[in-house]
Number of protein chains: 2
Amino acid sequence: MARVTIEDVALEAGLSVATVDRVLNGRAAVRPQTALRVEKAIRLLNYQPDRLAARLAKGQEYRFCFVLPEGNNSFMIELGEEVRANASRMVSERVHIDLRLTDVFDAATLAATLDSIGDIYDGVAVVALDHPRVREAINGLVERGVSVVTLVSDVPSSKRSHYAGIDNSSAGRTAATLMGRYLGNKNGKVGLIAGSLSLRDHIERRFGFEQVMLHEFPHLSILPVLESRDDWQRVEKVTAQMLADHPDLIGIYNVGAGARGIVTALENAGRQKQVTYIAHELTDYTRRALVDGTVDVIINQNAGHEVRSAVRVLMAKADRTPLIEAMEHIRIDIFVRDNLP
Amino acid sequence: MARVTIEDVALEAGLSVATVDRVLNGRAAVRPQTALRVEKAIRLLNYQPDRLAARLAKGQEYRFCFVLPEGNNSFMIELGEEVRANASRMVSERVHIDLRLTDVFDAATLAATLDSIGDIYDGVAVVALDHPRVREAINGLVERGVSVVTLVSDVPSSKRSHYAGIDNSSAGRTAATLMGRYLGNKNGKVGLIAGSLSLRDHIERRFGFEQVMLHEFPHLSILPVLESRDDWQRVEKVTAQMLADHPDLIGIYNVGAGARGIVTALENAGRQKQVTYIAHELTDYTRRALVDGTVDVIINQNAGHEVRSAVRVLMAKADRTPLIEAMEHIRIDIFVRDNLP
DNA sequence: TTAACTTTGATAGACGCCTATCAGGAATTG
DNA sequence: CAATTCCTGATAGGCGTCTATCAAAGTTAA
């Protein structure tokens, strides 16, 4: 039961350790037939290189950078904290993680940031705006050999090697199904509030939501989308207006941040109980609102998972190791009052 | 930016590597003041021992055993596959995992299995029946220095060091909330089917479900629990009977396995659309039923997560490393048609 | 057949830490 | 004060792999 080492393989193949190492790491020319002997021995003994020893010997270090939006969006703050937590934990694994905050909503700024960090890092994870300028910056990084993972919001047309985030159109569809089922056979209007219609995640959620609403629950009518820029005060204003304009409003789906504004508006109108309200992202605020019944469902993406997954992917890309796909799928969490973590 | 090694610490503290090592690993007596000097140097340099090197040097191997139920329950089969997948992946990390299938529903058999494996393993993960005999067996393992993690179903009164699974009473409450909200203001009866009322997870789900139903949705009446032993043919029989007896049945919550039986019974009665059906565990079967609308909601626990979490916990226990609690929390997944993975 | 090249063997040293041993210095005891 | 006991230093060897170098075969070309 002892460990199979490279030496055992050499012995089994009747070759030297040096030769085995040469085929394992493609270091120098080896005759094909010799390589075959090595491979046979490896299979026979079921040899698996000791990754601990390998990484120790190579002294390999990973340098990654996470680029997140600055500002006071609770979810993004949590994401930043997860990055920091991961960074300190990974030091003992020889992984160094830096965190940069930028105005990701401004394509030029974001692109400039990405352009400037190419040479220092082995990999970059970024919450990216889907904009030609940003796409170019991402492609530039990739071409310089830096692997890029998009986080939370994707840029599918770029050459990024992975997207660590939820499927946002599924999230929108999920919200619609729950909204429709919760409302049952009631009739009325449903409002949709989005942060910004230039962020891909919000667009996709809206798309998914409307798709299912139109097909499955045609008796509910959707109001025109309101844009909130993820600022709770603005959210409150537009929500209050919507409530005033539509006494028959029975559902609200908030695609972005700023839950606080909706809660306040609903409370001011005294209509918390009449309106089914579905929010995104579990924060202190949405949590409290869910517990007290103002929010009915929270659709969430787990920031910790996303960060850890991004790191795993970046590591795998860095040393060309295959991914375990199933492990990197970020699920859409649904929270009702009873399954809060 | 080079790595801080134990040598740097020794230099900084004006001591020898040997002494620093003594402090780090509590190998021999060291004067308190000397220890303080070492600790100060460690803090100053922010020294973090290289885990790779440490594990390589110690030549430490972990030997774990997973004890799962035999039989053809889809979820348990998936769990077994996850164990196997993990086992082969972890070889390169010096972790050896064995898998044993037992009749976990028979306390004596399960206890005997647990009793017999004590000396070979550093840790055991077990899907355990909550029974005095089993509890004793678990405690016996713990006393012999084997850490034990309960998987999927807990034995809280035992000395197990961790439970890797979902909070089942929360799961039950979640099912009730969704059932109540989906049914809206309809009136009628709700049936509850359990696999076995001696498995703790089923008991807790039932408890949670009934609790919320009684308090939040008193207009819905719950039928007496039916026991199915997780066998789909039996499930079908009792469901068919229930449908025949109660024409006003509008909801079914199946706490255990055997979704297939319910689907068949509903189809035979032609009442798929009239009955809101909430099932547990995402399998090929429940998945298909969810897509075609027979099942309305699936409550799931992620087998892969549970297995990986159990392994991490066992490793942490084996070398007395602290756990990252948040990472080991197993969430209750809710699936509707739109957020299937 | 000799020269030139290709393929393999043997081996040393490194990576950072652990374990063990021995010797010398310090502190304690009587 | 000497005789213990207690702390500390120095150092060697190992964990499994990687990297590099040099020598010894083996192969091909001239």
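All values below were derived from every heavy atom in this structure, side-chain atoms included, with hydrogens, water molecules and symmetry-related copies excluded. Each chain gets a letter, A, B and so on, in the order its sequence line appears, and its residues count up from 1.
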Q | Presence of salt bridge, Arg94(A) and Asp50(B), under 4.0 angstrom | A |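 So Asp50(B) pairs with Arg94(A) through a salt bridge.
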Q) Name the one of Thr109(A), Val127(A), Leu68(A) that satisfies side chain to side chain contact (heavy atoms under 4.5 Å, CB included) with Thr102(A)? A)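 Checked Thr109(A), Val127(A), Leu68(A) against Thr102(A); only one passes side chain to side chain contact (heavy atoms under 4.5 Å, CB included): Thr109(A).
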Q) In this structure, which one of Val146(B), Val124(B), Asp122(B), Leu314(B) forms a side chain to side chain contact (heavy atoms under 4.5 Å, CB included) with Arg63(B)? A)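 Exactly one pass, corresponding to Asp122(B).
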Q | Distance in Å, Met76(A) CE paired with Glu70(A) CD, rounded so as to fall on 0.5 Å steps | A |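 The distance works out to 12.0 Å.
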Q. Under the side chain to side chain contact (heavy atoms under 4.5 Å, CB included) criterion, do Ser74(B) and Glu281(B) qualify, and how do the steps go?
A. CA-CA 9 Å; Ser74(B) 315; Glu281(B) 316 315 353; over 6 Å; no
Q) Does some side-chain heavy atom of Asp98(A) sit less than 4.5 Å from a side-chain heavy atom of Tyr121(A)? A)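 Touching, per the 4.5 Å side-chain cut-off.
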Q.
Test: side chain to side chain donor-acceptor pair (under 3.5 Å). Region: residues 33-48 of chain B. Which pairs qualify, not counting sequence neighbours?
A.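 Every candidate side chain to side chain donor-acceptor pair (under 3.5 Å) pair involving residues 33-48 of chain B fails, so no pair, neighbours aside, qualifies.
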Between [atom2] of [N] and [atom1] of [X], the distance in whole Å:
X	N	atom1	atom2	result
Leu52(A)	dT17(D)	CG	P	10 Å
Glu7(B)	dT11(D)	CD	P	11 Å
Arg31(A)	dT28(D)	CZ	C1'	12 Å
Leu56(B)	dC18(D)	CG	P	12 Å
Lys58(A)	dT19(D)	NZ	P	6 Å
Gln33(B)	dC6(D)	CD	P	17 Å
Gln60(A)	dT17(D)	CD	C1'	13 Å

Q: Hey, which sits more toward the 5' end of DNA chain D by its nearest nucleotide, Leu15(B) or Asp21(A)?
A: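 Upstream on the strand: Leu15(B).
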Q) In terms of the nearest nucleotide of DNA chain D, which residue is placed more toward the 5' end: Gln48(A) or Arg37(B)? A)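 Closest to the 5' end, via its nearest nucleotide, is Arg37(B).
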Q.
Taking the nucleotide of DNA chain C with the nearest heavy atom to each, does Thr34(A) or Val17(A) sit closer to the 5' end?
A.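 Comparing both residues, the 5'-ward one is Thr34(A).
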Q: Just call it for Arg94(A): base, sugar-phosphate, or nothing, with non-hydrogen atoms closer than 4.0 Å on any strand.
A: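 Sugar-phosphate contact only - Arg94(A) comes under 4.0 Å of backbone atoms but never of a base.
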(Q) Heavy atoms only, 4.0 Å cut-off, all strands: where does Ala54(B) land among base, sugar-phosphate and nothing? (A)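 Sugar-phosphate only.
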Q: Compare side-chain N and O positions of Thr19(B) against OP1 and OP2 of dG9(D) and report whether any pair is under 4.0 Å apart.
A: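 Checking Thr19(B) against dG9(D): at least one side-chain N or O falls below 4.0 Å of OP1 or OP2.
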Q | Minimum-distance nucleotide to Arg22(A) side chain [options: dG9(D), dT21(D), dG16(D)] | A |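 When the side chain of Arg22(A) is considered, dT21(D) is the closest of dG9(D), dT21(D), dG16(D).
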Q.
What is the first contacted nucleotide of DNA chain C and what is the last, in 5' to 3' order, if contact means an atom lying under 4.0 angstrom from a heavy atom of chain A?
A.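 Taking any atom under 4.0 Å from a heavy atom of chain A, the span is dT7(C) to dG16(C).
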